[in-house]
Amino acid sequence: MVRWRTVVTAVILLSLWPLLALAQETEAYRAFPLVGSRVAVWVIAQLHLMFAAFVLAVPIFAVIVEYMGMRLKNPKFDRLAREFTKLLFAAFSTTAILGAILLFTLIGLYPKFFTYLSSIFFPTMWLYAVLFFGETFSLYLYWHTWDRLQDRKRLHLTLGLMVNFFGTVLMVIANSWLTFMTSPAGVDVTGKLINLWAAINNPTWMAINIHRFIANISFGGAICGAYAAYKFLGAKSDEERAHYDWMGYIGNFIAISALIFLPFAGYLLGRELYDFNQQMGIMAMGGFLSWLWIIQAILIGILFLGSNYYLWLGMERIKGGERYRRYIKYLMILLAGGFLVWATPHSLVASLEEARKIGTAYHPLLGVLGVMSAKNTAVNIMILTTFVSFLLYRRANKEAVVSWEKLGKVAQAGLLAISGGIVIYLGIYGYFVEAIVRIGFSVYQVISVLTAMVLVGGIDLLLYRGARITGAFQWGKIAVRSQYTLVLLAITFTWLMGLMGYFRSAIRQHWHVYGIIRDTSPDAFSPTLGYAANVVSVTTVIFLGFLLFIFWLGGLGDKKPARPRETGKGKG
């Protein structure tokens, strides 16, 4: 199952990175046939990042689930952790191969730019190669010692923590190269390096680290959920369906838990962009990229609606969950309302005649919903609604037995109402203050929502400690459409990740390194949203094709070998 030759070859190529950069010719650009240089780098880089996100996130799940299995002494969790880890190997090899291809593509097509980038980050590139060796070896040790260290779980978990340490540091190092292109620091006006640490710790580096770490976990959870759905739909026994139904639930739980915090990390990134360069921040939110956020809103709306729908369907497998069905319609109204506000554009795509009839570029009624005050309010309400859906799912088969049950539930409802009131009040008040003040309101909205979630969640843990169980979970007894929902979530996450990659590159416009190295190639323009959507869609299809092959490959070892056919004596 382990392709040593493939991975070792990729690692050797990666370790030669600086030597290859020094061997470049002085030609500034070279053309890639048919699709052009930028599209070639775009597709390869995006595929590499998608697989890297999966490879970073899955070991985190595996170690947490394995630890739960050790504490609960439940082999079911250990089996799930092992199955998560099994998905890694083909994806890990693919990530390394795509990384090597990306390296050669950058060297060959953008030699001068890559020479400059390697001159700034030369020491970190060697460190990256060394850490890649560490991640590779610790991953193989983690997998191959699973049975041998069954009685020494702490040592085995330490190996898993090493995998996560190396993977996270690799991501942080690569993020410094990416963010330096957007918000350069540590160099003089000519681009000459003054301070390496300042170049690494540039204005958007930490924001991207936080945003990408959370996004990778959410993305990885969605992909694991899609794998579980794939296996569920092909299962031949009730036992298999029960296992993969449970695995799909865990994957979706991870994805939705991280998704709740993802918009907050996005606010932080937007604020850092605005602080670094106000023109860049305004262009990102209100310039030619403004309609990108409408598409993003639709995609994130699908994620919230799909995740909640999966939770609501999941109540069908829980005896006692039917008593909460009457609340679903109210949750649906809140989600749909928030989704409609979030997806409302500020300006209209209208003909000249239509614009003259309206008298303005903005709709007289809907225009007020197209600004960030409304959208920040809507997304925070959607997050609170999703949290309530999870609470209902969690208590579906439980009845509290504590004496303060009514008081606890009233306190929970009050905290949620107060948080929602703060969010709505700040959203309305944002229309009457300056933009710089309005941006700060999003921080207070986030704080109120997070505080409510922590307090309400803590009360819920105490409220249902030792609760009476009204019915068991019937894993596998769930509508088949729930599995297609998991697949939809994975596809949406993939498309959204590609779209945000386009955003981070497009805000630089005609710069390789913003304000320092100008892009003078034939591709020195920001692609239109339609063009970018086509490239992202093709990349998504390619990634999903690879992923389907990996799912199929991972299932080959599960099939029992066919029994040899008995041969009888010939007639006559």
Side-chain angles (χ1 to χ4, degrees), residues 64-65 67-69 71-77 80 225 238-239 241-257 260 304-335 381-420 449-479 481-482 485:
I64 293 174
V65 172
Y67 175 76
M68 291 175 61
R71 292 299 302 269
L72 299 174
K73 302 186 186 311
N74 189 341
K76 183 179 179 181
F77 286 92
L80 181 62
D238 291 340
E239 183 182 359
R241 274 186 287 273
H243 173 71
Y244 288 112
D245 182 21
W246 181 61
M247 185 178 182
Y249 165 72
I250 296 295
N252 182 70
F253 173 75
I254 293 169
I256 194 174
S257 298
I260 285 175
F304 275 111
L305 290 170
S307 298
N308 280 271
Y309 181 63
Y310 179 81
L311 286 175
W312 300 336
L313 288 176
M315 289 186 183
E316 296 178 1
R317 67 163 86 92
I318 309 172
K319 290 185 177 180
E322 59 276 359
R323 68 184 188 275
Y324 290 115
R325 288 177 184 169
R326 65 181 184 273
Y327 298 115
I328 291 177
K329 58 180 176 289
Y330 303 113
L331 298 176
M332 187 65 195
I333 290 171
L334 288 174
L335 285 171
I381 294 298
M382 292 175 72
I383 289 170
L384 282 175
T385 304
T386 303
F387 180 67
V388 171
S389 287
F390 174 72
L391 287 180
L392 296 182
Y393 180 89
R394 183 182 179 276
R395 62 174 65 170
N397 67 332
K398 298 181 180 73
E399 289 183 357
V401 295
V402 295
S403 58
W404 49 277
E405 176 187 357
K406 290 184 179 180
L407 179 62
K409 291 182 177 179
V410 169
Q412 287 180 310
L415 287 168
L416 291 171
I418 291 171
S419 177
V449 171
L450 289 179
T451 302
M453 288 168 57
V454 170
L455 294 177
V456 171
I459 293 173
D460 212 62
L461 288 174
L462 297 174
L463 189 63
Y464 287 92
R465 177 180 292 179
R468 184 185 302 111
I469 305 300
T470 60
F473 278 72
Q474 297 177 308
W475 295 108
K477 306 295 183 182
I478 189 171
R481 60 184 180 274
S482 65
T485 303

Ser389 and Met315 have their tightest heavy-atom pair at O-CE, 4.3 Å
Indicate every side-chain donor-acceptor pair of residues 464-476 with a distance under 3.5 Å to a residue at least two apart or in another chain.
residue	atom	partner	partner atom	Å
Tyr464	OH	Arg395	NE	3.4
Arg468	NH1	Glu399	OE1	3.0
Thr470	OG1	Asn397	O	3.2

Drop me the distance from Arg481's CZ to Leu313's CG, to the nearest 0.5 angstrom.
5.0 Å
Could you walk me through whether Ile256 and Leu311 satisfy the side chain to side chain contact (heavy atoms under 4.5 Å, CB included) test, starting with their C-alpha distance in whole Å, then the side-chain angles of each, then the deciding distance to 0.1 Å, before giving a yes or no?
CA-CA 10 Å; Ile256 194 174; Leu311 286 175; 4.1 Å; yes
Would you name the heavy atoms of Thr485 and Gly306 that are closest together and state the gap between them?
CG2-O, 3.4 Å
How long is the gap from CE on Met453 to CD1 on Ile260, to the nearest 0.5 Å?
4.5 Å
Pair Tyr327 and Trp312, ring centroids less than 6.0 Å apart
no
Validation row: Leu415, Ile459 side chains within 4.5 angstrom (heavy atoms)
yes
Separation between CG (Leu391) and CZ (Phe387), nearest 0.5 Å, reads 4.5 Å
Once you round to the nearest 0.5 Å, how far does CG of Leu335 lie from CG of Leu305?
5.5 Å
Using the side-chain hydrogen bond (donor to acceptor under 3.5 Å, both in side chains) rule, collect all pairs that involve residues 247-257, keeping only residues at least two apart or in two chains.
none
Distance col, row Lys477:NZ vs Asp245:CG, nearest 0.5 angstrom, shows 10.5 Å
Determine, step by step, whether Phe390 and Phe253 satisfy the side chain to side chain contact (heavy atoms under 4.5 Å, CB included) criterion, reporting the C-alpha distance in whole Å, the side-chain angles of both residues, the deciding distance to 0.1 Å, and the verdict.
CA-CA 9 Å; Phe390 174 72; Phe253 173 75; 3.2 Å; yes
So, taking the atom named CD1 in Ile318 and the one named CZ in Arg323, what distance separates them when rounded to the nearest 0.5 Å?
10.0 Å
Side chains of residues 400-410: which donor-acceptor partners sit under 3.5 Å, not counting sequence neighbours?
residue	atom	partner	partner atom	Å
Glu405	OE2	Lys409	NZ	3.0

Let me see the working for Ile250 and Trp246 under side chain to side chain contact (heavy atoms under 4.5 Å, CB included), right down to the final yes or no.
CA-CA 6 Å; Ile250 296 295; Trp246 181 61; 4.1 Å; yes
Is a donor on one side and an acceptor on the other found under 3.5 Å between the side chain of Asn308 and the backbone of Phe304?
yes
Residues, nucleotides or ligands: over 12 heavy atoms within 6.0 Å of Lys73 NZ
no
